[in-house]
Structure formats: structure tokens, C-alpha cells
**Q** 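For reference, the structure I am asking about is given below.
A note on names: the letters A, B, ... follow the listed sequences, proteins ahead of strands, and every chain is numbered from 1.
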Amino acid sequence: MGSINLTLFGTPSLLVRSSASWKGFRMPITLSSSRSLLSKAQTLDSELSPGPERSDDASESMVRTYARRKKAKRLVGDVEKNPNGEAPPDQKVANLPDIEEFAYGKVEASKTSKLVLKKTSNTVEPPAHWEEVLEGIRKMRSSEDAPVDSMGCEKAGSLLPPKERRFAVLVSSLLSSQTKDHVTHGAVQRLSEKGLLDADAIIKTDEASLASLIYPVGFYTRKSQYMKKIANICLEKYGGDIPRSLDGLLTLPGMGPKMAHLVMNVAWDDVQGICVDTHVHRISNRLGWVSKPGTGKKTSSPEQTRISLEKWLPKDEWVPINPLLVGFGQTVCTPVRPRCGVCSINELCPSAFKEASSPGSRAKKSSARVKKQ
DNA sequence: GTCCGGTGTA
DNA sequence: TACACGGGAC
């Protein structure tokens with residue numbers, strides 16, 4: 001059986017039973033060093049994979065296109081014709097609506113088959129003290145042990161050949177949404193043992209079997225359907241590999257912006273944008289790092305947050321920001337009852353003690369009341 | 001906005 | 001009981 005070294009998502013403690021290779025892998029991942037590791041990956045990426053849409057200066061101004069699934073299937077001929085899922089040439093997308101306008105509902109849904117991100121970064125002044133805040137979070141994270149500490153993003157099938165590894169990453173990303181890390185890990189393990197991290201094998205398996213294998217990941221019925229559709233598309237259009245571009249990934253059912261960026265980062269080592277999940281979205285807003293243009297109000301979707309964040313956050317932080325804030329969100333800056341009392345940057349946080357804090361420290365609660373008044 | 005969904009946690 | 005789970009489709 002495939003004793004494939006599948007390391008994804010799991011908390012370290014849950015994965016301890018997996019072999020020394022896991023330990024060896026995990027060690028460099030914990031917090032303080034995750035940053036340098038990720039930076040290395042990015043540097044390596046720049047050197048090794050000079051794709052047509054690299055994030056260097058030359059391509060900075062390059063127009064990026066987004067194909068929205070569903071309409072994309074019907075309208076995005078360019079993506080479908082191109083085996084690598086490359087974006088169409090600039091001139092073809094020059095007149096398309098800006099993705100930012102789309103994110104704020106300024107573009108009719110009927111016109112969003114493709115979207116253009118005209119400007120990516122450094123168009124806005126960074127918020128005050130952001131570096132100090134980030135450093136503070138790093139320090140807190142190095143003493144906590146968050147579930148995310150295993151990876152930051154999933155890393156599946158690290159011992160597999162590249163193409164198989166990419167497919168494994170894609171599948172585990174799909175399964176991971178709205179699902180606890182260790183649950184995802186178990187499901188991927190079962191798939192792996194059956195050789196079902198492969199497009200060819202998946203299309204030969206019925207949905208019910210897939211569903212029972214991935215159970216109890218969130219929305220397992222839908223995901224089993226998505227898996228079959230994705231496997232079909234990957235076989236037909238990408239030779240069993242996964243799409244190479246954001247566009248192509250977004251064409252796949254079950255692949256939204258969050259997972260598409262994650263897969264681009266992890267499977268292709270290609271940072272196209274910030275991977276914004278619920279934690280990054282929530283914390284960025286609490287910190288006052290993002291806002292709707294003009295209004296200064298909180299962003300109302302992860303996509304808005306991504307756009308807002310990409311306008312000022314330096315690119316070398318685009319990858320590490322995710323594992324950093326996710327772990328912080330799992331341990332300190334939790335969705336409900338955030339532990340502002342133990343947060344070392346609460347004096348820099350405009351939202352500190354503004355929500356009911358965790359019943360761990362009375363002092364904080366009283367602080368909360370004081371601040372509210 | 002609502003739905004998908006079993007599971008852990010407060 | 002309620003709510004979150006490193007979302008996405010409709």
C-alpha cells in the first residue's frame with residue numbers, strides 16, 4: 001500500500017505516529033523558522049520557475065485574469081484550449097472588469113466571466129505599526145502550539161512525484177475546507193491507501209465509495225462529486241495534472257479563491273496572491289489593516305480582504321501571513337471570545353477588548369468594560 | 001443571503 | 001444549546 005508520506009494540515013500531535021520523516025519535516029516548520037523557510041521557497045521559486053506570470057517587476061504590471069467557474073466553463077475558451085491553463089494574452093483581457101469592482105458588487109454578475117486585477121500591490125500606505133504588530137504575533141506564535149503549526153498550508157504527498165504530488169495537494173485542499181485538520185488528514189490517508197489520489201483512479205470509483213472514504217470531512221457528499229468532476233477535467237484538459245494557473249484552478253468545481261491561491265502556493269510554488277481564509281479575514285479587520293475603499297469600514301468578504309491587503313503588504317509577507325494569522329487565530333485571536341488579555345499587541349489593536357473576551361482572565365473582562373465606556 | 005454536515009468545544 | 005470548522009455553490 002502506499003505508505004506515502006502524507007503530511008497535511010494535521011496538528012503535530014496527531015501526526016506524531018507518522019514516522020521520522022514527518023518529524024524531520026515538521027521540525028523546520030514551527031513558527032520562528034517558518035518565515036525563513038517560506039522565504040526560501042519563494043526565492044527558489046523565483047529562480048526555478050520563471051513562468052509567464054511571475055511576480056517580478058516585469059509582471060507586476062501584467063494584467064491578471066480571473067475566470068469564474070461556471071461561466072468560465074462556458075466562456076473561457078482560452079483557458080480550456082491551453083493545456084497548461086495559462087491566462088490569455090493581455091490584449092484579450094484589457095477591457096474586462098476589474099476584480100476589485102467585482103468584489104464590491106460593482107460589476108454585473110453576467111459580466112464577471114473574467115475579471116482583471118489591474119494593480120496588485122503597494123498602492124496604499126501601510127497601516128501604522130504593522131511591522132511591530134507582525135513581530136508581536138510571531139513571538140506569541142512561537143510559544144503557542146497551534147494546529148496550523150504543522151504546515152500553514154497543506155502539504156500532501158511530499159514523497160510523490162511532482163505531478164502526483166500536485167494532484168494530492170489539490171484533493172487535500174478540496175477536502176480541507178470547513179474541516180478540522182486531523183479529519184482532513186485521515187480522509188487523505190484513506191484515499192492514499194486506496195490509490196485514490198490519482199485522477200485515473202478517481203474516475204473509476206463511484207461517488208458513494210468516495211464519500212464513504214472521505215467521511216466525515218465537511219460536506220463529504222458534495223466533495224465526492226467535486227472530486228469526480230475535477231478528476232475528469234484534469235484528465236481531459238490537463239493530462240491528469242492540475243491547472244497551472246489561478247484561472248484554471250478556479251474553473252474546477254469546489255475551488256474558490258482561497259483554495260486556488262493555496263494550491264498555487266503549495267502545488268506550484270507560485271505566489272499569485274494572498275491566501276485569505278476566515279482567520280486572515282477576521283484578524284486583518286480587527287487590526288484595522290483592511291477596509292473598503294473610501295469608507296474605512298471593515299471588508300465584508302475574504303476576497304475584499306485579499307484585495308485590500310495586497311495593496312500594501314510587501315510581497316515577501318504574502319505567504320507567511322497566512323500560517324501566522326491562522327495560528328494566531330486558533331490560539332489567541334479566536335473568532336469568539338478572543339483572548340485579548342494574553343495578547344501582547346493588544347495596545348496596538350483597535351479592536352482589543354471590544355468583544356467579550358475569553359473567561360480565562362477576569363482582569364481582561366473588567367478591562368473590556370472599562371474600554372467600552 | 002442560505003445551504004451543505006459531522007464533530008468538538010464552551 | 002450554539003457556534004465554529006483555515007469555503008464554495010447557488
**Q** Nearest whole angstrom, please: distance from the P of C/dG7 to the NZ of A/Lys223.
**A**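 A/Lys223 atom NZ is separated from C/dG7 atom P by 9 Å.
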**Q** Whole-Å distance between C/dG8 P and A/Ile230 CD1?
**A**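 Result: 11 Å.
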**Q** Less than 4.0 Å between a side-chain N and a carboxylate O, is that true for A/Arg190 and A/Glu193?
**A**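 A/Arg190 and A/Glu193: not salt-bridged.
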**Q** So which protein nitrogen or oxygen atoms get under 3.5 Å of nucleotides 1-4 of chain B's nitrogens or oxygens?
**A**
none

**Q** Given B/dG5, is OP1 or OP2 found less than 4.0 Å from the side-chain N or O atoms of A/Tyr215?
**A**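 The answer is no; no side-chain N or O of A/Tyr215 sits under 4.0 Å from OP1 or OP2.
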**Q** Would you call A/Glu236 and A/Lys229 a salt bridge, using N to O less than 4.0 angstrom?
**A**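 A/Lys229 and A/Glu236: not salt-bridged.
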**Q** Take atom P in C/dG6 and the same atom in B/dT9, then report the distance between them in whole Å.
**A**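 The answer is 12 Å between these two P atoms.
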**Q** Counting side-chain heavy atoms from C-beta on, which of B/dG5, C/dG6, B/dA10 comes nearest to A/Thr179?
**A**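 Among B/dG5, C/dG6, B/dA10, the one nearest the side chain of A/Thr179 is B/dG5.
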**Q** Can you check whether A/His279 has a side-chain N or O nearer than 4.0 Å to OP1 or OP2 of C/dA4?
**A**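 Result: no.
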**Q** Would you give me the side-chain donor-acceptor pairs under 3.5 Å for residues 207-219 of chain A, sequence neighbours excluded?
**A**
| residue | atom | partner | partner atom | Å |
| --- | --- | --- | --- | --- |
| A/Ser209 | OG | A/Asp206 | OD1 | 2.7 |
| A/Ser209 | OG | A/Asp206 | OD2 | 3.1 |
| A/Ser212 | OG | A/Ala208 | O | 3.4 |
| A/Ser212 | OG | A/Ser209 | O | 2.8 |

**Q** When you measure from the side chain of A/Arg339 to the backbone N and O of A/Thr331, does any donor-acceptor pair fall under 3.5 Å?
**A**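 It does hold such a pair.
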**Q** In this structure, how many angstroms lie between the P atom of C/dG7 and the NE2 atom of A/His261, rounded?
**A**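 In whole Å, C/dG7 P lies 16 Å from A/His261 NE2.
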**Q** Please report the distance separating the C1' of B/dG5 from the corresponding atom of C/dA2, rounded so that it comes out in whole Å.
**A**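 Pairwise C1' distance, B/dG5 against C/dA2, rounds to 15 Å.
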**Q** Show me the pairs that pass salt bridge (Lys or Arg N to Asp or Glu O under 4.0 Å) and involve residues 276-292 of chain A, at least two apart or across chains.
**A**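 For residues 276-292 of chain A: A/Arg286-A/Glu355.
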**Q** How many whole angstroms separate atom CD of A/Glu303 from atom P of C/dG6?
**A**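 Distance, rounded to whole Å: 20 Å.
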**Q** Could you state the atom-to-atom distance from CD of A/Gln330 to P of C/dC3 in whole Å?
**A**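 Interatomic distance, CD of A/Gln330 to P of C/dC3: 21 Å.
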**Q** Starting from P on B/dG6, measure out to CG on A/Asp181 and report it in whole angstrom.
**A**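 Rounded to the whole Å, the gap is 20 Å.
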**Q** Side-chain contact, heavy-atom cut-off 4.5 Å: A/Thr334 with A/Gln330?
**A**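 Contact flag for A/Thr334/A/Gln330 side chains = no.
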**Q** Establish whether the base of C/dG6 is bridged to the side chain of A/Lys258 by a donor-acceptor pair shorter than 3.5 Å.
**A**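 Check passes, donor-acceptor contact within cut-off.
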**Q** From NZ of A/Lys180 over to C1' of B/dT9, roughly how many Å is that when rounded to an integer?
**A**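 Value for this atom pair: 8 Å.
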**Q** Side chain of A/Cys275: nearest nucleotide among C/dA4, B/dA10, C/dG6?
**A**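 My answer, after comparing the listed nucleotides, is C/dG6.
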**Q** Could you state the CG-C1' distance from A/Leu250 to C/dG8, rounded to the nearest angstrom?
**A**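 Spelled out: CG on A/Leu250 to C1' on C/dG8 is 11 Å.
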**Q** For a 4.5 angstrom cut-off between non-hydrogen side-chain atoms, does A/Lys258 reach A/Pro302?
**A**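 Of all side-chain heavy-atom pairs linking A/Pro302 with A/Lys258, none is under 4.5 Å.
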